[in-house]
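Okay, structure first, notes after.
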Amino acid sequence: MDRRRAIKNLALVLGGVISATTVGILIKDIIIPDNENSNVSFSATDEELLAEFADIIIPTTKAAPGAKAAGLGAFIPMMIKECYPADLQQTFATGMKEMEEKCQEQYNKNFTALSPELRVKIMEELRTESLVDIKKPSFFILARDLTILGYFSSEIGCTQAREYLPVPGRYDGNADYKPGQKAWAT
C-alpha cells in the first residue's frame, strides 16, 4: 500500500475527528502539479514552532508522550507541502506568519519564547477566530487536524496512547473492555 492510500484510509477512520477540509484533501485522489507541490517552504524554526503548537493540542501525559515527541514538528510541514494544493499551502503559511506577528505585537516575543499559559491564550484566540467562518480553512484548523492525524498514525500514538497488541491473533469483536482502558489502536 502506498503512503497516499494509507493516509486516505486513516482519514476515513478519523473522519469524525478532523475537519471536512482535511478529510477532503486526504480522500481526494489528486496529484499536485510539480509547480504547485512546493509553493511554500518551512525552516527548522517553523518546525520547532509547529512542534510546540502541536504539543499544546496533545501534551505529554503519564500515559503517553505528546505530539512533540511523536515528531509532529516535521510531519505537519511535510504534509502541507506534499499533500495540500497551493491555495491551502499559502493559507497555512500566511496564518502561521500572522500568528507570529500577533505574538510579537501582544507580547514582544515569538510563539516559542512565550510561556505555556500565553501560548494557550494565543491558540484560544486562533480557535475563536477560526469559528467565525467554519467553512473557510484556517491555519489553526489545518494545524489542529494534522496534529491529530499525525499523532494517531505515529508509532507513539498507536502503541503508547492507544491499546496495542503487536500480534493480535484472531479477530475477537467481543473482547472485554475494562473501565479506564485505552481505546484499541488496531
Side-chain angles (χ1 to χ4, degrees), residues 1-58 67-68 70-107 109-112 114 119-154 157:
M1 180 182 296
D2 65 22
R3 182 174 55 141
R4 187 175 294 272
R5 180 169 292 164
I7 291 170
K8 283 183 196 177
N9 290 343
L10 184 62
L12 290 171
V13 170
L14 294 175
V17 178
I18 57 180
S19 73
T21 301
T22 300
V23 171
I25 292 297
L26 298 175
I27 290 177
K28 272 183 167 178
D29 194 15
I30 61 170
I31 297 179
I32 299 172
D34 288 338
N35 63 342
E36 289 187 20
N37 198 26
S38 294
N39 192 29
V40 296
S41 61
F42 298 94
S43 67
T45 304
D46 295 336
E47 289 184 10
E48 181 183 342
L49 180 147
L50 291 167
E52 295 298 333
F53 185 95
D55 214 51
I56 293 170
I57 295 171
I58 303 177
K68 188 175 182 179
L72 276 280
F75 175 82
I76 293 170
M78 180 274 300
M79 288 295 291
I80 291 292
K81 286 175 64 176
E82 293 186 18
C83 298
Y84 283 71
D87 61 331
L88 289 177
Q89 289 180 24
Q90 197 58 52
T91 296
F92 186 87
T94 301
M96 189 167 66
K97 182 180 175 188
E98 288 171 355
M99 181 183 75
E100 279 289 82
E101 289 170 356
K102 179 184 278 205
C103 292
Q104 285 293 330
E105 288 172 10
Q106 291 181 7
Y107 305 109
K109 294 180 181 179
N110 61 23
F111 184 79
T112 55
L114 294 176
R119 288 180 191 174
V120 169
K121 184 177 179 189
I122 289 287
M123 288 182 63
E124 286 172 351
E125 291 173 13
L126 292 174
R127 180 183 173 274
T128 301
E129 291 169 9
S130 72
L131 294 175
V132 171
D133 187 1
I134 196 79
K135 292 183 181 185
K136 181 182 173 193
S138 68
F139 164 74
F140 177 82
I141 290 173
L142 295 171
R144 179 207 61 195
D145 290 355
L146 288 173
T147 296
I148 294 166
L149 176 69
Y151 185 76
F152 288 107
S153 61
S154 72

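When reading the values below, keep in mind they use all heavy atoms of this one structure, side chains included, and skip hydrogens, waters and symmetry mates. Note that this is a predicted model, so its numbers are computed, not measured.
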Any [X] side-chain heavy atom under 4.5 Å of [Y] side chain:
X: Phe140; Y: Glu129; value: no
X: Leu50; Y: Met96; value: yes
X: Cys103; Y: Leu114; value: yes
X: Ile141; Y: Arg144; value: yes
X: Phe53; Y: Met99; value: yes

Any residue meeting side-chain contact (heavy atoms from CB on, under 4.5 Å) with Thr147, in chain and number order, not counting sequence neighbours: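 If we apply the side-chain contact (heavy atoms from CB on, under 4.5 Å) test to Thr147, skipping adjacent residues, the hits are Ala54, Ile57, Ile58, Ala67, Ile76.
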
Residues which pass side-chain contact (heavy atoms from CB on, under 4.5 Å) with Thr45, listed by chain and number, not counting sequence neighbours: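 By the side-chain contact (heavy atoms from CB on, under 4.5 Å) rule, Thr45 matches Ser43.
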
Hey, could you give me the [atom1]/[atom2] distance between [X] and [Y], rounded to the nearest 0.5 Å?
X: Phe139; Y: Ile80; atom1: CZ; atom2: CD1; value: 9.0 Å
X: Ser154; Y: Phe75; atom1: OG; atom2: CZ; value: 9.0 Å
X: Ile122; Y: Gln106; atom1: CD1; atom2: CD; value: 4.5 Å
X: Met79; Y: Asp145; atom1: CE; atom2: CG; value: 10.5 Å
X: Ile148; Y: Ser153; atom1: CD1; atom2: OG; value: 11.5 Å
X: Ile56; Y: Met123; atom1: CD1; atom2: CE; value: 5.0 Å

What are the two closest heavy atoms between [X] and [Y], and how far apart are they?
X: Phe152; Y: Gly157; value: CD2-O, 4.2 Å
X: Glu47; Y: Pro77; value: CG-CG, 3.8 Å
X: Val40; Y: Ala93; value: CG1-CB, 3.7 Å
X: Glu52; Y: Arg119; value: OE1-NH1, 2.7 Å

Side chain Glu100, main chain Phe111, donor-acceptor under 3.5 Å: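 A pair under 3.5 Å: yes.
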
